[in-house]
Structures are given as C-alpha cells and as structure tokens.
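Naming convention: chains lettered A, B, ... in sequence-line order (proteins, then strands); numbering from 1 in each chain.
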Number of protein chains: 2
Amino acid sequence: MAPERPRRRDARENAEKLRAAALEAFLATGLDAPLEAIARVAGVQVGTLYNHFGTREGLIDAVMPEVVAGRLQAVADAALARGTARDRLDTFVRLVVDLLEGEPALSDAIMQRYPEAGVLGDVCERNTGIVRELVRDAHRSGELSDSFSADDVISLIWLGGAAGRATPAHPGWRRVIDRAMASAWTAAGDSAPAL
Amino acid sequence: MAPERPRRRDARENAEKLRAAALEAFLATGLDAPLEAIARVAGVQVGTLYNHFGTREGLIDAVMPEVVAGRLQAVADAALARGTARDRLDTFVRLVVDLLEGEPALSDAIMQRYPEAGVLGDVCERNTGIVRELVRDAHRSGELSDSFSADDVISLIWLGGAAGRATPAHPGWRRVIDRAMASAWTAAGDSAPAL
DNA sequence: AATTAAATTGAGGCTGTCTCAAATTAAGCT
DNA sequence: AGCTTAATTTGAGACAGCCTCAATTTAATT
C-alpha cells in the first residue's frame, strides 16, 4: 500500500514534479482537480501519474496531509494562545471555518470527500481530537452549553466544508454557521458579539 | 426559448417518455443525473433528448417546477396552519429542511445549482417570498430576534441544501441547522425545545 | 558495451456532454 | 392509396474525464 521510493532518478524527479503540480492544482480548485491536467503540467503522461500514485487518493495522500496538518497546527496554536476555554474553542472554530471559506481543498479534506485517502483522513482525525479537548474544557468551565457536544462542533465544521464547496456559492452561509456557534455558550459568561 | 409543442404524435410521445424518465432520475439521484441514462430509459437516443429540450436546464425546467412548487406549497400550507408567527416560520423552515434531507433534487433546486433553469429558479424565488413574509410577521410579533433577517433564514435553508448534497453524508448537520434556527427566537416567547 | 530491470508511453476502453448531416417517418394533399 | 414534404430521429463524432496495460524506451549495473 505504501508507495515505494523509485529506484531511478528520472522517476524520482517525475514523482516530484507530479507532487508539485498536484499540490498547486488541488489548492487552486480542490481535490477533484483533473489528473490529466496535473500530468500535463508535470510534463508527463497520465499513465506515469498512475504508476507512481496508483489512484487519485494516493496522490492526495502524497501531498495534502502535510499542508492540512500545517494549516490546522497554525489554527490550533492561535486558539491555544487564548485566555479562556470559550475563547479557545471559539477561535479554533472561527479560524478553521475561515480556512474552509478560502480553500476548496481544505473543505474536501475536512469533509472527507475522498475517504480512501487514509493518511489525509488521519490528519483530519487529529483535528477532531483537538475539538474534543477544547469542548471538554469549555464544558468544565461552564461556558459551553451541555447540550452542545463535541460532535455538534464537528458537524458544524463539516457543514462549513460542505458550504465552502457548494456551487454556486451563497455568501450568507457564514453568518448562519457563526450564529449556530454563538448559540452554544451559556448565559453565564456571555458577551454575545453582535452579528 | 420556450420549447414548442411537437407537431407529430411520436415526437409528443417521446417528449413525454423523456419527461417521465427525467423526473424519475432527477428525484432518485439529483439534477445531475446522466442524460444518457434518461434517454436510454425513455427508449430514445440522446440526440432526441437534446432536440426536445435543448439543454439539461431545459429538461429540468420541463419537469421540476411542478414538483418543487407542489412540495413547497404543501410545506407552506402546513406552516400557515400554525397559530403563531413563530410557529409558522419554525414549521416552514423545519419542513423545508426535511425535504432537503431526503430529496437531492430539492437541494439542487433550492441552492440553484443550475442557474440557467430559470423557470425552476422562479419557483424557488416564490419560496424566498414566503420566507420574507413569515419573517416579517415573526419580527412584528417580537418573537424573532431583530438580528435574524430574512436573508439569514434563506441562507440557512441554502445551507441545508448544500449539506444535503454533500458526499459522503454527515448526519450531524441537521442538528446544527436546527440549532441555528433555534437561536433565532427572542427570550420573550421562548420555550426552547431541547435538542 | 551489453544486459536487465525500472519506468514511460500512448492508445484504447469506459462514461459522460453536446452537435449535426443523413436517414427515417408521420402528416397532409390529391 | 400513393406522393410529397417537413418534422423528427438517429448514430457517429468531437471533446473531456478516468483508468489500464502491452509495447517501448531509458537509466542503472556489470
């Protein structure tokens, strides 16, 4: 299952060119970018692409996990720098959804549009881990309503992914997501920011 | 632009068979159902389909408006039977989203996935008209928060459409949508139903 | 330089969209 | 009933995708 490192130098170079082209294409238009175009940009035939990566999912797994992990790490870092559990969770969700709004590939990744891309799936899994922690803390501090579960937050983020990929785009969705999240806090620590 | 009624009987029959097949396919799998399959079921070549309807959007316009109008009418009727402005709006939204959950074609219609299907677009436009009325009433009665606009409700419904079409499906999205809607009411007339 | 294994090619099969010249066929007229 | 004509259907063909594989090319090794 794991792709072996090519023995020949030209093959290694081709793989590298394919990775570069794939990354560019995926980030530009999403994980459903045509493989033929990727091969063309890499200066190679599609057959070569399939030789190296087997399937679209293989190619996705070869280039996306690193990028997605980086993005999520940055978001987690920014969130964890906040002072309260509520602020941490709120910041995390807001920044992740910001990502989904601008990057189709991120949406595809988060909503597991290609479930066979297991490595990418694992990276996104870590994301839900972070959410669970942040939710646990926000529950303990009493800021997050008990009726709002970690699964709810995960669903909310997934929904952002679905919206980010839907065409034609309907800009209003962001407000709805923000509102759903805003409704999650208890009256206690509430300073509801106006939408 | 308007498709003329065929002069020959066989042509009229073919058009009818095509409409029937299209309706079935659209309802089963969404407005992106393959036109080849529709033609095959109708016992005709694709060329004939294009002769009659010109484009996919033409075919959509030929079969969907009636169905969608019917569904929305039923929902509107059920909603208007309710006793309070809040209940009317709430019921309307809930029932529309129920529709989106089960019928891919409805999602495609509501989110205007094929903007060129103008007749269908008009039908859905009426939908937003209803929303605006219900929202106006709910604002006047003081039950709906002022910060929640008709556009917000429309976006919320659109979001349901996007979620209903996204694959692989993530069942949790419904709760998020319901929650967003639940957060729209003022404390005044509130008997928040537990999620 | 010859051998061998690795890698690439590009054509071909598949599904799908959409078009159009040629062949077919229903309708209307005598 | 046959003839004519105009309406309609056909099916092949051009195009974009996905994916495969036998034949060929090419880098590495001896």
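A donor-acceptor pair under 3.5 Å is absent between the side-chain atoms of B:Thr186 and the main chain of B:Leu144, judged by distance alone. Under the 3.5 Å distance criterion, the side-chain polar atoms of A:Glu116 are left unmatched by any main-chain donor or acceptor of A:Glu57. At least one donor-acceptor pair under 3.5 Å links the side chain of B:Ser183 to the backbone N or O of B:Ala180.
Nucleotides of DNA chain C with any atom under 4.0 Å from a heavy atom of chain A span, from 5' to 3', C:dA6 to C:dG10.
For B:Arg165, the salt bridge (Lys or Arg N to Asp or Glu O under 4.0 Å) criterion is met by B:Asp32, B:Asp108, not counting sequence neighbours. Taking A:His170 as the reference, B:Trp158 meet the ring-ring contact (aromatic ring centres under 6.0 Å, His included) condition, with sequence neighbours excluded.
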Could you write out each protein N or O paired with an N or O of nucleotides 10-16 of chain D at a distance under 3.5 Å?
unit_1: D:dT10; atom_1: OP2; unit_2: B:Gln45; atom_2: N; d: 3.2
unit_1: D:dT10; atom_1: OP2; unit_2: B:Thr48; atom_2: OG1; d: 2.9
unit_1: D:dG11; atom_1: OP2; unit_2: B:Gln45; atom_2: NE2; d: 2.8

Protein and nucleotides 2-4 of chain D: nitrogen or oxygen contacts under 3.5 angstrom:
none

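Between A:Ala11 and B:Arg9, the residue anchored nearer the 5' end of DNA chain C, judged by the nucleotide with its closest heavy atom, is A:Ala11.
Proximity of A:Tyr50 to the phosphate of D:dC19: a side-chain N or O atom is located under 4.0 Å from OP1 or OP2.
Under the side-chain contact (heavy atoms from CB on, under 4.5 Å) test applied with A:Val75, the options A:Val93, A:Asn127, A:Val96 reduce to a single match, A:Val96.
Between the CG atom of B:Asp10 and the C1' atom of D:dA6 there is a distance of 13 Å, rounded to whole Å.
Contact check on A:Asp178 versus A:Arg174 returns a salt bridge, with a Lys/Arg side-chain nitrogen under 4.0 Å from an Asp/Glu carboxylate oxygen. Salt bridge B:Lys17/B:Glu13: absent, no basic N to carboxylate O contact under 4.0 Å.
Judged by distance alone, with hydrogens and angles left aside, A:Arg8 brings no side-chain donor or acceptor close enough to the base of D:dA27 to form a pair under 3.5 Å.
Sorted by first and then second residue, the salt bridge (Lys or Arg N to Asp or Glu O under 4.0 Å) pairs with a member in residues 124-140 of chain A read A:Arg132-A:Asp151; sequence neighbours excluded.
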Yes or no on salt bridge (Lys or Arg N to Asp or Glu O under 4.0 Å) for A:Arg12 and A:Glu16, after CA distance, side-chain angles and deciding distance? CA-CA 6 Å; A:Arg12 261 174 271 141; A:Glu16 188 47 44; over 6 Å; no
